[in-house]
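Lettering follows sequence order; numbering is per chain, from 1.
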Amino acid sequence: MRALILLLPLALHAAPGMWPLDRMPTAALQALKLQPDAQRLMRATVRLPNGTGSFVSNRGLVLTNHHVVSDCIAALSSAREPLLQRGFVARRLQDERRCPGMEVEVLQGIDTRADEGPVDTGTRQQQLERWVGAECPAAERCELIRLYGGALIQRYRYRVFDDVRLAFAPEAQAANFGGDDDNFNYPRHAFDFALLRVHAAGQPLRPTQWLRAAHTPPREGDAVMVTGHPYSTRRLLTVAQLEAERDALLPAQLAQQQAELDALRAYAARSAEAARESADAIATLENSLKARRGELRALRDPSLLHAKRELEQRVRAATPNANPWQAAAASAEASARLAQQDAAQRLPAGSLLDQLIRLLVQREESRLPATERLPDHAPEAERALRTLAAAPLPLHPQREAAQLRAHWAHAKQTLGADSAWVRAWEGVLPTTPAPAGQRDGRSESQLEDPIEGRLAGWLRLTRLQQAPERLRLLDQPLPADEPLLQLANALAPLRRALLREQEQQVRQPLIQASEAIARARWQVLGPHEAPDATFTLRLSFGRVAEVSAAGLRHPWQTTFGGLFARSDGFDAKPPFDLPPRLRAARGGLDPRAPLNFIATADIVGGNSGSPVLNAAGEWVGVAFDGNLDSLAGSYHFDEASNRMIVLHQRAMQLALRQVYGAAHLARELGL
Amino acid sequence: MPRRYRPVVTLALLSLLPVTALADGGMWPLNRLPQELLQRRLGVQLDEAWVRHAQLSSVNVGGASGSFVSPHGLVLTNHHVARSCIARLSTPQDDIDRHGFTARQQGDERRCPGLSVRLLQGIEDVTARIPTAPTARKAAVAAMEASCSGPGKRCEVVPLYGGALQHLYRYAEHDDVRLAFAPEAQAANFGGDADNFNYPRYSFDLTLLRVYGADGQPIASPAWLRPATQALKEGDPVFAVGHPGRTERLLPMAMLEALRDVQLPADLAAFAHEADALIAYGHTSSEAARQMDAPLDGVQNRLKALRGQLPALHDAAAMARKQDEEGRVRAASPAEPWLASQEAASLLRSHYPAWRAMQPMRGSLIAQALSIVTLRDEANRPTADRLQDFTGGRGAREAATVRAQVPHPIGLETVRLRAYIERAQKLLGADHAFVRALFGGHPDAAAAAQHWLATTQLHDAPTRARWLNLDTTDFERVADPLLQLARQLHTLRRPVLAAIDAGVDQRMRALAGPMAQARWKVIGDSEAPDATGTLRLSFGQVRAPAPEPYAASWKTTLGGVYARAADFDHQVPFDLAPRLVRHRERLPMQMPLNFTSDVDIIGGNSGSPVLNARGELVGLAFDGNLQSLPGRFFFDGRVNRMTSVTLEAIFLATEQLHPEAAHLAREMRGRR
């Protein structure tokens, strides 16, 4: 019977979707007997830099995923105090530790702009800039949101809190049991949660709304709803755009990220300390690669594109004007043409050189009138970049050198030795060993690779490690008296040229086209389609339900016994080892106790840390992942196979009380 | 999985061609072991004593596999291999299928109706003595098989490489086989159809039988396997010895394409239809559910296997490899055999749908009726004219099925006959003579089925046996309605059977020699022959399944069965057998329960003993993963896995879950 379901055509437009809180699908929610309170959910759900969280106590406690705040935990970790590995429990309020640079944003309102009729593009752009700039209420942060490809433009207003402290984190191995093997997979056995506390004026925040813990556990078939900030989906793309993703963009990204991961893994294998300082970056890359692969697999499934094509034909048949689709196709073609170059230019995320190039590109853009700038370098973006550059940058010279070395090699391999990018590199970085005087006191033999050694030397000595020096780059050209800056100066114009080319050939032609396409879809399919995700607050919903994958039935929940059995089956070898505290507590834990569960709610990346609520609006768990089939969710939602994976409330209770000795936090959570 | 091999489809094909990446797999006849490959892959040489011991310890259990595990005729096999025996011995009052069974002493062991075992005595190459012309070959084979068959003895000419080599297999046969021990069906079959052919797996799929001689005493085992003394670990070389039923790895492309386009889809539709009918019947009462459980198990198993096999034939890369290989062989050999195989394939395409429509489901009463009529008809024909499936060894097995004391509940049979009539109507059309005969003037299939079954005596085994042996005049006077129907159906069906027998099976067998010669010239003769239901040795290493998409270890643990049950809230088919619940607190949760290896097996291997390099018993093969199903057409060692019960689980079942069976455990440990 299951096989028959698979034969049915994909009903793409009937998919549940991620709904803005001012546009919730009443009938679909009623069918599940769900009555979300939009105002309350807006104020109880918070946006974090890497995902979602929710207020779960009246003293500002925020529940989220371990992996959403792992960069904070990594930043608070040191060789002496490896919080990532050992976990962290703040016994008292004053033991909580501030997460460097982390902000929490709480949505205050969604405004829709009255349509003032036709105005020219430049004026309209200026009006919109003002709407989210000068006209933004004091003490709020405003954000311009384009839904349905720009057919609907809205303003989201947030309150921002920048004193966010870590209150609890389990051992990384408990949060991430099964590692990359189990990531995006199910059955799952992960304690992927962490607790933060938001402070305001030096005191724990008293949030206007917070979520209560449910008193009855979720059961199979229960309706659930989820609030969170899905980053992005591409469900409304045209077939031409999807094909460009499939044939050019994703393959190029995959190749680049794989090269980056290989370099990091090789570096991590050098020593225990190298492994420690790379662990978080490796996990991030593995996660991204697996997601991209899942997306590529979805796009290569002929049934998906077939269904997309049919739908598009229906919409086009009802639309007299073919131009928008032609424009989208031309844009897709340009994006495919530039894909490899774009991917190969990507510098290691978080590296100093990456930041320098961003700053240099921004400086050039800032010289232009606001309306002529690249959209990612608008004044708003400039402010964000300034904040980023002002924060201390943890520098791992040897690691970054190894990564840059690999970046150069990958660029040379994919773009060719004659490409401008590679020539720029080699103009600054002679491929001969550094003279003895510049070796930072190390002998040549200590460094396996002379180029890496030279880059490491630059990184150790650079004054751009200092935040004020970096900030100066934004305002004026600095004398190019050190090789790292020379390299950045050589690369930045090439990067900017590519961004400009993408803007002109890929994005600009699409602005009008996608709005027209969105309107045409709206005409044909009705307003029953959720807009693509925009890293803004959305509501998803569904039921707790088992799933079959690759012919095997997977249960709606997993249990502690399953965790132990999986670990035993692998003889507790990494990544299936039990962390010490869990191992110690094993005997006292009920093997039947639920650990993770799954539901059909439609979520994607960015929803990590989302509270999962029952029909009464009480939280029953925290979402932390989707199954492999959920990766197709970038392009379409399939209720038969797509599952959200949730950490069960009961597992948090047992972890806090019986494993980590954090009963005080369990009490505060009402567990 | 390797649920019992059921020789259902007549196409016992036989031929040769394009294999693929099976370099490291293969199911090897014990007289043709690839010592060089064993050395290269496993660093192991199997000496003559090892092989001899493995052969003498192996038992063919009603077409599947088993092994002697004590000096006193005790045979270890799978619960699902003995399931039909266990089901036949079960009654609503004494439901041993559900509760399990332990004979506390030998006198309590219960005879399995219709079940016989065969022990391989020897193999002889008789290729030179078998003519190639189909008619002469049939006669020669029949004469050779008859010359060494008799009470307790049976001979079979086995065509290897599609018939390019002919080997004579000599067997001792015993038809007194008794059930000594069976665990609860839910422990043997935890996860049911959902987990079948899947992994991770948590199954106690084992049973103990005992072979008795004509004197009513347990036979002395010709050899028996000792339990291993060292724990198994990942990477260990392991060997499965058993009776793989059929593979079609050497078939020419034309035939594979006919299988892909016609045969497998037709089989799939038929089994899906039968499964739906059985499931609907099961919903009518708990007794109906009990009756249909074992037949449904068989049908669903077949269905799942087909669903796994069909995609293999649509695997563009695998088919391209086969095509490429065939191209190379054809380029270097005469065209004639290939052209003939294309004709055979096109004949299969045109006749198979009718063949499938007319084929009754094994075990149903209409199948029994048709068997009686067909067996009698064939016996009355000259040897050369007989259908291969109803003569010789196969005919004898068919006759044994007819005579077996098997329950045929009227409700279940009505449902199955009705489904048979519906399928025939759908596939052949209402106007087809075969369909008109089935309806017999009744308005619908249900009424017709009720009519044919209302007064039939065929459910009575002694009656069936008597009718099988009546002389012709007396038989013609038997006016049983179902038998009357079978006579009409047989007249219409035999031309279809004969067309496939002559035009496909026999023709392909005649082509086997030249095709194999051509292949050996180009590819070399170091490939294993396709499976033929005869004793083979497969080998590999203890190895985890491919890590994508979901990493699984090479072993599961006892704790895993409790976890999977709890994860599903103990809902059927993930409920725990009562014994597992009762003894839970005292059991070792970390004990390995099932394990995987990259040993190349297929249906019929069920019940195969798994041996280590020292020839000791380390496990009991019972299934393969989903990726093993394409093994019918090619072996891919990267993903194909055999699933086995660990030795630890065999002893846990007999010592701790069923302490009353401890004497059998002692017997296996050689401490009786």
Quick one: which of B:Ala544, B:Gly560, B:Ala194 has the most heavy-atom pairs under 4.5 Å with chain A, could you say? B:Ala194

Does B:Asp569 form a side-chain contact (heavy atoms from CB on, under 4.5 Å) with A:Arg219? I'd like the steps, not just the answer. CA-CA 10 Å; B:Asp569 296 324; A:Arg219 303 297 310 163; 3.3 Å; yes

With a sphere of 6.0 Å drawn around NE2 of A:His306, does it hold more than 12 non-hydrogen atoms of other residues, nucleotides or ligands? no

Report the distance from atom CH2 of B:Trp554 to atom CZ of A:Phe570, rounding to the nearest 0.5 Å. 11.5 Å

If you count the non-hydrogen atoms of other residues, nucleotides and ligands that lie under 6.0 Å from NE2 in A:His215, is the total more than 12? no

With chain A, the option among B:Glu234, B:Arg584, B:Lys304 that has the most non-hydrogen atom pairs under 4.5 Å is B:Arg584

A:Pro594 versus chain B, the contacting section by heavy-atom distance below 4.5 Å: neither

Close side-chain approach of B:Gln590 to A:Ser567, heavy-atom, < 4.5 Å: no

Would you check if B:Tyr550 and A:Pro187 make a side-chain contact, meaning some heavy-atom pair closer than 4.5 Å? yes

With rounding to the nearest 0.5 angstrom, report the OG to CG distance, B:Ser553 to A:Asp571. 6.5 Å

With a 6.0 Å cut-off (strictly less than), is the heavy-atom count around CZ of B:Arg638, excluding the residue itself, greater than 12? no

Run B:Thr557 and A:Phe564 through side-chain contact (heavy atoms from CB on, under 4.5 Å) and show every step you take. CA-CA 10 Å; B:Thr557 59; A:Phe564 299 135; over 6 Å; no

With chain B, which of A:Gly569, A:Ala550, A:Pro591 has the greatest number of heavy-atom pairs at distances under 4.5 Å? A:Gly569

B:Gly191, B:Ala272, B:Ala552, B:Pro547: which one forms the most heavy-atom pairs within less than 4.5 Å of chain A? B:Ala552

Max heavy-atom pair count under 4.5 Å with chain B, selected residue of A:Gly551, A:Gly562, A:Pro555: A:Pro555

For A:Tyr186, which atoms come within 4.5 Å of any heavy atom of chain B: side chain, backbone, both, or neither? backbone

Salt bridge flag under 4.0 Å for residues A:Arg553 and B:Asp195: no

Can you tell me which residue pairs pass the salt bridge (Lys or Arg N to Asp or Glu O under 4.0 Å) test with a partner in residues 172-189 of chain A, sequence neighbours excluded? A:Asp182-A:Arg566, A:Arg188-A:Asp625

Separation between CG (A:Leu552) and CG (B:Asn198), nearest 0.5 Å, reads 4.0 Å

Which atoms of B:Glu548 approach chain A - backbone, side chain, both or neither, heavy atom under 4.5 Å: neither

Heavy-atom pairs under 4.5 Å with chain A are the metric here; pick the option from B:Gly559, B:Ala563, B:Ala551 that has the most. B:Ala551

Polar contact flag, side-chain donor to acceptor under 3.5 angstrom, B:Asp567-A:Thr559: yes

Region of B:Ala275 in contact with chain A, defined by heavy-atom distances below 4.5 Å: neither

Let me know if B:Thr556 has heavy atoms under 4.5 Å from chain A in its side chain, its backbone, both or neither. neither

B:Tyr562 portion near chain A, given a 4.5 angstrom heavy-atom threshold: neither

Short question: side chain of A:Gln557, backbone of B:Ala566 - any donor-acceptor pair under 3.5 Å? yes

Can you tell me how far the CD atom of A:Glu546 sits from the CZ atom of B:Phe574, to the nearest 0.5 Å? 7.0 Å

